[in-house]
Protein chains: 2
Amino acid sequence: MNVECIQKLRKGHFKITPKRRAILELFDKKDKCLSPEIIWTHLKKTFKQSGFPSVYRNLEIFVKQGILFRVERQGRKRYYALCHDHSGHHHHHIICVECGKADVFPECSFPDIKSVKGYKILNHSMQINGICKDCQ
Amino acid sequence: MNVECIQKLRKGHFKITPKRRAILELFDKKDKCLSPEIIWTHLKKTFKQSGFPSVYRNLEIFVKQGILFRVERQGRKRYYALCHDHSGHHHHHIICVECGKADVFPECSFPDIKSVKGYKILNHSMQINGICKDCQ
DNA sequence: TTCATAAATAGAAATAATTTCTATTTATAA
DNA sequence: TTATAAATAGAAATTATTTCTATTTATGAA
């Protein structure tokens, strides 16, 4: 688990536990988005004892702290991927639809307006889908 | 059910059934995004007999035909809303986080590039969240 | 209008993802 | 070293969604 992740967790007064380390190290190693089930299966190898609820809760904590983000994919399962931005600036991500690899999309061209059609604009979410170098 | 919806269904050789009419009329009447459960509850009033699977399947057919689109909201439930664009042009939507009302967002500023960071860009999805006139 | 046919449907049951709950354990700050 | 809040396991509950099969129905052709 790298320094940035530790800082992001400490900022929210979250503890650095062995399982949290293991989850983030798995993301580092795999370098792609992962489902709760895949993570849990992996944790079982190292920890024999490990529960689903911890995985789910930790994933959401990681999102809250800006360590992971949620990826939309086909099917019912959730996916999460590492966010490689540590600047804290607004940004989006591009995802490989084949392998699930994710990277920061380097710009956001959303117009600088506060309202449209009577709506007050609060925020926007975006996902760019593509095919990564290795999968092309 | 308006002419555009009928055309969009006919284009895919889908039948115009009473329940499909009822679902789309509900969307017209409510003017906001709806969950499968809400739709099913409403259908039960008029049809006594009506099953969940039909609702789910029809919602996906409507999306496929460009009549509805999926809305991302908090929680586990799916939501769908009417797409008011009949031009067939690329566009996005703005959603009221309070009441679920949805409108076409009039422009897309996504850059005209084919690739980024080694990814071949396939498509992008976007949702703008806001607060509509009535909810402000 | 009638009929043949593919499409649509209900209803029950299965599936499977996610969440809740409680007792126990553990990381961390004092 | 210790007190404490946070994290966890494991089982059970919840609930959204899908599958399956027999029946019904919209629609195009005769």
Side-chain angles (χ1 to χ4, degrees), chain A residues 1 5-26 33-65 67-68 70-80 100, chain B residues 1 5-26 33-65 67-68 70-80 100:
Chain A
M1 192 161 64
C5 291
I6 291 177
Q7 287 178 339
K8 286 175 179 178
L9 279 178
R10 290 220 192 284
K11 196 180 290 179
H13 306 291
F14 293 105
K15 294 177 178 174
I16 314 298
T17 68
K19 299 214 171 127
R20 286 182 178 161
R21 285 184 183 279
I23 292 173
L24 294 177
E25 274 153 19
L26 182 65
C33 65
L34 302 172
S35 65
E37 195 200 357
I38 289 170
I39 294 161
W40 175 78
T41 302
H42 177 261
L43 285 186
K44 288 291 269 188
K45 290 180 196 163
T46 315
F47 295 96
K48 302 145 296 187
Q49 295 200 135
S50 76
F52 253 111
S54 294
V55 174
Y56 276 90
R57 196 161 44 79
N58 280 326
L59 290 172
E60 282 305 306
I61 286 171
F62 292 150
V63 169
K64 194 167 136 198
Q65 298 308 110
I67 297 168
L68 301 180
R70 280 183 67 166
V71 175
E72 300 300 328
R73 303 195 91 185
Q74 288 295 111
R76 317 223 295 233
K77 278 189 185 141
R78 280 189 200 172
Y79 286 88
Y80 295 83
Chain B
M1 190 160 64
C5 290
I6 291 178
Q7 286 178 340
K8 286 175 178 177
L9 278 178
R10 290 220 191 284
K11 196 179 291 179
H13 306 290
F14 293 107
K15 294 179 177 173
I16 314 299
T17 67
K19 299 214 171 129
R20 285 183 180 160
R21 284 183 186 280
I23 291 172
L24 293 177
E25 275 152 19
L26 181 65
C33 64
L34 302 172
S35 65
E37 194 200 358
I38 289 171
I39 294 160
W40 175 78
T41 303
H42 177 262
L43 286 186
K44 289 290 270 188
K45 289 182 196 162
T46 315
F47 295 96
K48 300 145 298 189
Q49 294 199 135
S50 76
F52 253 112
S54 293
V55 174
Y56 276 89
R57 196 162 43 79
N58 280 327
L59 290 172
E60 282 304 306
I61 285 171
F62 293 150
V63 169
K64 193 168 135 197
Q65 297 309 110
I67 296 167
L68 301 181
R70 282 185 63 167
V71 175
E72 300 299 328
R73 303 195 91 185
Q74 288 296 110
R76 315 219 301 228
K77 278 189 186 142
R78 279 188 200 173
Y79 285 88
Y80 295 82

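Convention: sequence-line order gives letters A, B, ...; per-chain numbering from 1. Computed from a predicted structure; not experimentally measured.
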On DNA chain D, compare the nucleotides closest to B:E37 and B:P18; which residue's is nearer the 5' end?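 Upstream on the strand: B:E37.
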What nucleotide, of C:dT19, D:dA26, C:dA10, holds the atom closest to the side chain of B:T17?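 It is D:dA26.
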Quick check for you: among C:dT18, D:dA26, D:dT17, whose closest atom lies nearest to any side-chain atom of A:P36?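 Nearest nucleotide to the side chain: C:dT18.
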Between [atom2] on [N] and [atom1] on [X], what's the gap in Å once rounded to a whole number?
{"X": "A:F47", "N": "D:dG10", "atom1": "CZ", "atom2": "C1'", "result": "17 Å"}
{"X": "A:I16", "N": "D:dA5", "atom1": "CD1", "atom2": "P", "result": "20 Å"}
{"X": "A:R76", "N": "D:dA16", "atom1": "CZ", "atom2": "P", "result": "12 Å"}
{"X": "A:K15", "N": "C:dA27", "atom1": "NZ", "atom2": "P", "result": "8 Å"}
{"X": "B:F14", "N": "C:dA6", "atom1": "CZ", "atom2": "C1'", "result": "13 Å"}
{"X": "A:W40", "N": "C:dA17", "atom1": "CH2", "atom2": "P", "result": "11 Å"}
{"X": "A:L43", "N": "D:dT8", "atom1": "CG", "atom2": "P", "result": "10 Å"}
{"X": "B:H13", "N": "D:dG28", "atom1": "NE2", "atom2": "C1'", "result": "12 Å"}

Is it the case that the side chain of [X] and the backbone of [Y] share a donor-acceptor pair, with hydrogens and angles ignored and the cut-off at 3.5 Å?
{"X": "A:R73", "Y": "A:Y79", "answer": "no"}
{"X": "A:W40", "Y": "A:V55", "answer": "no"}
{"X": "A:R21", "Y": "A:I16", "answer": "no"}

Looking at [N], I'd like to know if its phosphate oxygens (OP1 or OP2) sit under 4.0 Å from a side-chain N or O belonging to [X].
{"X": "B:Q49", "N": "C:dG11", "value": "yes"}
{"X": "B:S50", "N": "C:dT9", "value": "no"}
{"X": "B:R78", "N": "D:dT18", "value": "yes"}

If you measure from NZ on A:K11 to NZ on A:K64, what distance do you get to the nearest 0.5 Å?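 Reported value, rounded in 0.5 Å steps: 13.5 Å.
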How do B:R20 and A:R10 order along DNA chain C: which one's closest nucleotide is nearer the 5' end?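 The answer here is B:R20.
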Just so I know, are the side chains of A:R57 and A:F52 near enough to count as touching, which here means a heavy-atom distance under 4.5 Å?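 Side-chain contact under 4.5 Å: no.
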Taking the side chain as every heavy atom from C-beta outward, state whether A:R20 and A:F14 have any atom pair closer than 4.5 Å.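 SC-SC contact between A:R20 and A:F14 confirmed.
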Could you tell me whether A:K44 atom NZ has more than 12 heavy atoms of other residues or ligands within 6.0 Å of it?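 Yes, the 6.0 Å shell around NZ holds more than 12 heavy atoms from other groups.
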Please list, by residue number, the residues of residues 52-62 of chain B whose heavy atoms come closer than 4.0 Å to an atom of DNA chain D; answer none if no residue qualifies.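 Nucleic-acid contacts, sorted: B:P53, B:Y56.
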